[in-house]
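See below for the structure under consideration.
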Amino acid sequence: MSVEKKQQLTEKQLTILESEMQKRRKNLVLSYVLLIFLGVLGVHKFYLGKSSQGVKYLVLFIAAWILGAGSVIFGGIGTLMGGEGGGLAAFGMSVLFGVIFIVVLWCFLLYDLFTLPSQVDRINEDIEDEIIAQLMNVNPSMESHQQ
């Protein structure tokens with residue numbers, strides 16, 4: 001947040017700034033709730049406007065599930081149906097990659113668990129800077145006509 005730029009705003013602009021921040025501000029508590037309950041799907045990243053990171057979390061989760069859990073389910077069905085042991089190596093590699101993906105995902109989630117307050121603060125500062133820039137670009141003569 002640029003304090004100098006904020007000091008240049010009129011009372012009306014400050015009121016507009018506060019109103020817009022109330023609408024657009026990201027909530028830390030909601031971010032944590034989304035992280036804890038839906039973090040593996042990247043929902044907290046989508047909420048914070050970091051869609052590309054949200055997609056990364058989602059892809060890691062889906063890949064881990066398909067390679068890990070999917071291999072266990074389908075490998076077990078194949079074994080029950082009399083499949084040969086030749087697929088056991090492929091099954092093991094698939095589970096290994098699934099475990100690697102889930103470990104990477106959990107590392108990202110653990111990182112987010114400890115850094116989420118600073119992430120939310122940074123995003124809120126960016127939102128405020130964007131609103132201030134928009135308010136400063138408004139032509140003062142246009143503002144007086146809107147009254």
Side-chain angles (χ1 to χ4, degrees), residues 1-139 143:
M1 171 177 69
S2 175
V3 177
E4 300 91 29
K5 287 184 181 180
K6 198 171 181 180
Q7 290 174 343
Q8 295 173 5
L9 297 177
T10 65
E11 284 298 317
K12 183 176 180 181
Q13 289 173 323
L14 287 170
T15 304
I16 293 170
L17 172 64
E18 187 55 39
S19 173
E20 285 298 311
M21 283 303 295
Q22 289 294 330
K23 294 177 200 172
R24 297 172 54 185
R25 176 178 281 125
K26 300 303 179 186
N27 185 297
L28 179 61
V29 174
L30 178 56
S31 298
Y32 267 117
V33 168
L34 294 173
L35 170 64
I36 291 166
F37 292 106
L38 299 169
V40 294
L41 301 174
V43 174
H44 64 294
K45 291 295 189 179
F46 289 111
Y47 168 70
L48 294 174
K50 297 180 176 184
S51 298
S52 61
Q53 290 181 12
V55 169
K56 177 175 62 176
Y57 283 53
L58 188 58
V59 167
L60 280 170
F61 174 75
I62 291 170
W65 192 88
I66 289 172
L67 292 173
S71 295
V72 171
I73 293 168
F74 295 118
I77 292 171
T79 303
L80 288 174
M81 301 198 63
E84 297 192 17
L88 192 57
F91 167 75
M93 287 300 289
S94 181
V95 171
L96 176 65
F97 279 113
V99 168
I100 290 171
F101 285 152
I102 204 74
V103 167
V104 169
L105 178 59
W106 279 103
C107 288
F108 286 144
L109 292 170
L110 190 62
Y111 174 81
D112 285 344
L113 186 65
F114 292 104
T115 63
L116 201 57
S118 63
Q119 290 180 47
V120 171
D121 285 346
R122 194 171 323 114
I123 289 166
N124 284 334
E125 287 174 7
D126 290 345
I127 291 170
E128 187 174 66
D129 287 344
E130 179 184 323
I131 295 168
I132 289 172
Q134 290 172 351
L135 288 170
M136 293 183 83
N137 286 333
V138 170
N139 187 344
E143 198 174 90

If you take all heavy atoms of [X] and [Y], which pair is closest and at what distance?
| X | Y | result |
| --- | --- | --- |
| Ala64 | Gly98 | CB-O, 3.6 Å |
| Phe46 | Val55 | CZ-N, 3.5 Å |
| Ile16 | Leu135 | CG2-CD2, 3.7 Å |
| Tyr57 | Gly42 | CB-CA, 3.6 Å |

Self-check item: salt bridge (charged side-chain N to carboxylate O under 4.0 Å, His left out) involving Arg24 - partner list, sequence neighbours excluded
Solution: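 Per chain and number, Arg24 pairs via salt bridge (charged side-chain N to carboxylate O under 4.0 Å, His left out) with Glu130.
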Quiz item: Are Lys23 and Glu20 close enough for a salt bridge, meaning some N to O gap below 4.0 Å?
Solution: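 Here Lys23 pairs with Glu20 in a salt bridge, since their nearest N and O are under 4.0 Å apart.
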Using 0.5 Å steps for rounding, measure from the [atom1] atom of [X] to the [atom2] atom of [Y].
| X | Y | atom1 | atom2 | answer |
| --- | --- | --- | --- | --- |
| Leu17 | Gln13 | CG | CD | 9.5 Å |
| Leu60 | Ile100 | CG | CD1 | 12.0 Å |
| Asn137 | Ile132 | CG | CD1 | 12.0 Å |
| Phe101 | Leu96 | CZ | CG | 10.0 Å |
| Lys5 | Met136 | NZ | CE | 6.5 Å |

Exercise. Using ring pair (Phe, Tyr, Trp, His ring centres under 6.0 Å) as the criterion, list what pairs up with Phe61, not counting sequence neighbours.
Key: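 In terms of ring pair (Phe, Tyr, Trp, His ring centres under 6.0 Å), with neighbours along the sequence ignored, Phe61 is linked to no residue.
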Quiz prompt | Positive for side-chain contact (heavy atoms from CB on, under 4.5 Å) with Trp106, one of Val103, Leu110, Val104, Ile102 | solution = Ile102
Quiz item: Checking side-chain contact (heavy atoms from CB on, under 4.5 Å) against Leu48, which of Asn124, Val43, Ile123 comes through?
Solution: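 So the option named by the test is Ile123.
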Exercise. With sequence neighbours excluded, give me every side-chain hydrogen bond (donor to acceptor under 3.5 Å, both in side chains) pair touching residues 26-49.
Key: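 Matches after skipping sequence neighbours: His44-Asp112, Lys45-Gln53, Lys45-Asp112, Lys45-Gln119.
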Quiz item: How about Glu18 and Gln22: does a side-chain donor come under 3.5 Å of a side-chain acceptor?
Solution: yes
Quiz prompt | Beyond-backbone contact of Ile127 with Arg25, side-chain heavy atoms, under 4.5 angstrom | solution = no
Self-check item: Any side-chain heavy-atom pair of Leu14 and Glu11 under 4.5 Å
Solution: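 Result yes, sub-4.5 Å side-chain heavy-atom pair found.
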